[in-house]
Amino acid sequence: MIRLEGIGQVFRSRDGARVAALDGVDLSVGREQFVCIVGPSGCGKSTLLRLVAGLIAPTRGAIEVDGRRVDGPREDVGIVFQKPTLFPWASVLDNVLMPLKLMGRPAAPHGRRALELLEMVGLGGFETRLPGELSGGMQQRAAICRALIHDPPILLMDEPFGALDALTREEMTLELLSIWQDRRKTIVFVTHSITEAVLLADKVVVMSSRPGRVVSSLDVALPRPRSFAQEALPEFQSVAASVRASIFSRRKAAADAR
Amino acid sequence: MRADPDPDDAGPAGRAGFARLARASVPWLSIAALLVAWELCVRGFRIPDYLLPAPSEIWSQTWALKATVADHALATLRTIALGFGLAVVVSLPLAVLVTSSPAVAATVYPILVLVQSVPKVALAPVLVVALGANEMPRIVVTFLVCFFPLVISVAAGLLSVPAEYIELCRSCRASRWRELLRVRMPCAVPFLFSGLKVAITLSVVGAVVGEFVAADKGLGYLIQSSTAFFKTPLAFGAILILALVGIALFQAVVAIERAFFPWSVSDERFRD
């Protein structure tokens with residue numbers, strides 16, 4: 001479904017130096033696969049999502065979605081950012097319908113769908129509220145509804161639960177799993193949390209920083225539906241341990257080289 | 001709206017209500033105290049009326065001419081309304097234009113800065129020659145005084161849009177027009193109102209400056225003509241009315257923001 005080949009991304013920093021954010025990244029994500037990208041800060045995870053969304057163009061390499069080259073923003077993706085980034089002037093319902101309005105499609109026929117989505121994430125009855133009246137977790141739920149409103153086959157999530165407290169975070173993780181269970185999508189999910197990655201993903205991709213490279217790609221064969229109870233299983237532990245090992249062995253190697 | 005924790009809310013409702021009342025009355029009491037002190041000084045030191053009139057004298061002389069004074073006040077309000085309105089109508093599209101591209105900004109900004117750098121008081125007599133001894137030069141001076149802060153604040157607002165909002169627009173392939181209408185303009189609303197608050201205050205100054213230079217009506221004219229005849233109490237009356245007009249107009253802008261854009265008053269984006 002999504003294929004990245006030999007992706008290199010070079011940014012020019014403010015003092016004119018060239019900074020390699022990504023270097024030789026190959027990645028493929030199957031249809032309706034849930035892929036988590038884990039790695040230290042500055043490994044270009046967010047850049048990778050923006051490349052797939054077509055918001056930026058790669059310096060080198062090619063990206064294909066459904067066999068077609070990505071050369072600009074595409075309407076078949078939904079994006080969830082780390083912060084909810086809801087518009088403070090619009091009601092929760094209007095925020096959820098916003099992508100349609102921005103696309104210039106009529107929003108009114110989708111009102112019911114928006115309400116269903118809000119109901120699904122436990123925000124039924126909050127549709128007329130302003131985002132400022134909701135808690136951080138509720139705002140992020142609304143943001144997920146917004147990403148789903150045009151029923152995109154691809155969902156890109158950039159540390160969506162990173163700004164939430166630990167309890168809300170676990171709750172949202174389970175909710176995302178149940179949403180995905182109901183309406184299968186291809187999801188690329190960026191996170192710092194190894195546990196979150198293993199619990200959610202079919203495949204965990206570990207990246208290194210400066211330049212961002214794919215270090216390893218591990219399949220997670222745990223049965224679905226998943227739950228936090230599985231965290232205690234040896235299979236879970238062994239996958240989590242290999243993810244951790246591939247993050248930290250890289251770091252150690254880098255430290256030794258210095 | 002997350003207000004600061006109010007210590008008075010902890011107590012019984014009656015006591016809290018009394019505390020709030022006491023707090024609300026403090027500004028009025030301090031103004032009353034100032035007026036009393038003023039009155040006592042003028043009487044005690046026998047300061048002549050034409051130097052510093054007592055509040056009671058200001059009141060009685062202004063009240064005696066209330067119809068005339070009201071007429072002048074209305075003339076000034078009319079100048080303020082027209083000049084301020086013109087500034088709003090001109091500055092919003094101008095701000096959109098300035099922020100539309102770096103090339104346009106580079107072209108328009110120097111002109112704006114040049115216009116702003118000219119002291120408006122210096123410009124007023126020239127405007128009278130150019131536009132004639134009518135209402136126009138006063139409106140233009142008012143407009144010139146208050147349009148610059150409006151353009152600058154609205155332009156800043158249009159450019160203050162968080163990067164994620166723009167990414168959302170781009171990922172939905174929103175046209176520039178839709179992005180402006182649905183995202184940039186609402187984002188600029190809090191900035192627009194801070195500009196309006198500055199501009200409405202300046203517009204009172206602008207109108208009076210215009211009336212000083214050429215007018216046969218208005219509170220500025222009243223101040224000049226009454227001081228010329230040493231009717232200082234009447235001039236003071238006009239000055240106080242101007243102050244009240246300024247406060248009332250400012251509060252009107254605040255009230256409009258609260259009523260129509262409550263989210264703008266306590267904007268989440270500036271608290272992160």
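Labels below follow one simple rule: chain letters A, B, ... track the order of the sequence lines, proteins then strands, and each chain is numbered from 1.
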Study note, to complete from the structure: The reported gap from CG in B:Leu168 to CZ in A:Arg146 (rounded to nearest 0.5 angstrom) is 4.5 Å
Point to revise | Residues of residues 53-67 of chain A contacting chain B, heavy-atom criterion under 4.5 Å, by residue number | key: A:Gly54, A:Leu55
Exercise for review: Show your reasoning for whether side chain to side chain contact (heavy atoms under 4.5 Å, CB included) applies to A:Thr85 and B:Glu167.
Suggested key: CA-CA 11 Å; A:Thr85 58; B:Glu167 287 192 327; over 6 Å; no
Exercise for review: For atom CZ of A:Arg113, decide whether the heavy atoms of other residues, nucleotides or ligands shown that lie under 6.0 angstrom number more than 12.
Suggested key: yes
Review point. Taking all non-hydrogen atoms of both residues, which atom of B:Arg182 and which atom of A:Trp89 are closest, and how far apart?
Key: O-CZ2, 3.3 Å
**Study point:** Largest heavy-atom contact set with chain B, pairs under 4.5 Å, which of A:Leu102, A:Asp158, A:Leu130
**Key:** A:Leu102
Practice item. Could you look at A:Leu86 and say if it's the side chain, the backbone, both or neither that has a heavy atom under 4.5 Å from chain B? Key: backbone
Check your understanding: Under the salt bridge (charged side-chain N to carboxylate O under 4.0 Å, His left out) test, which residues partner A:Arg184, sequence neighbours left out?
Key -> none
Exercise for review: Taking all non-hydrogen atoms of both residues into account, name the closest pair between B:Ser171 and A:Ile79 and its distance.
Suggested key: CB-CD1, 3.7 Å
Revision key, fill the gap. Bottom line for B:Val189: the part with an atom under 4.5 Å from chain A's heavy atoms is neither
Practice item. Check A:Lys101 against B:Arg178 and note the closest heavy-atom contact, atom names and distance. Key: O-CD, 3.1 Å
Practice item. Identify which part of A:Phe87 has an atom lying under 4.5 Å from any heavy atom of chain B, answering side chain, backbone, both or neither. Key: both
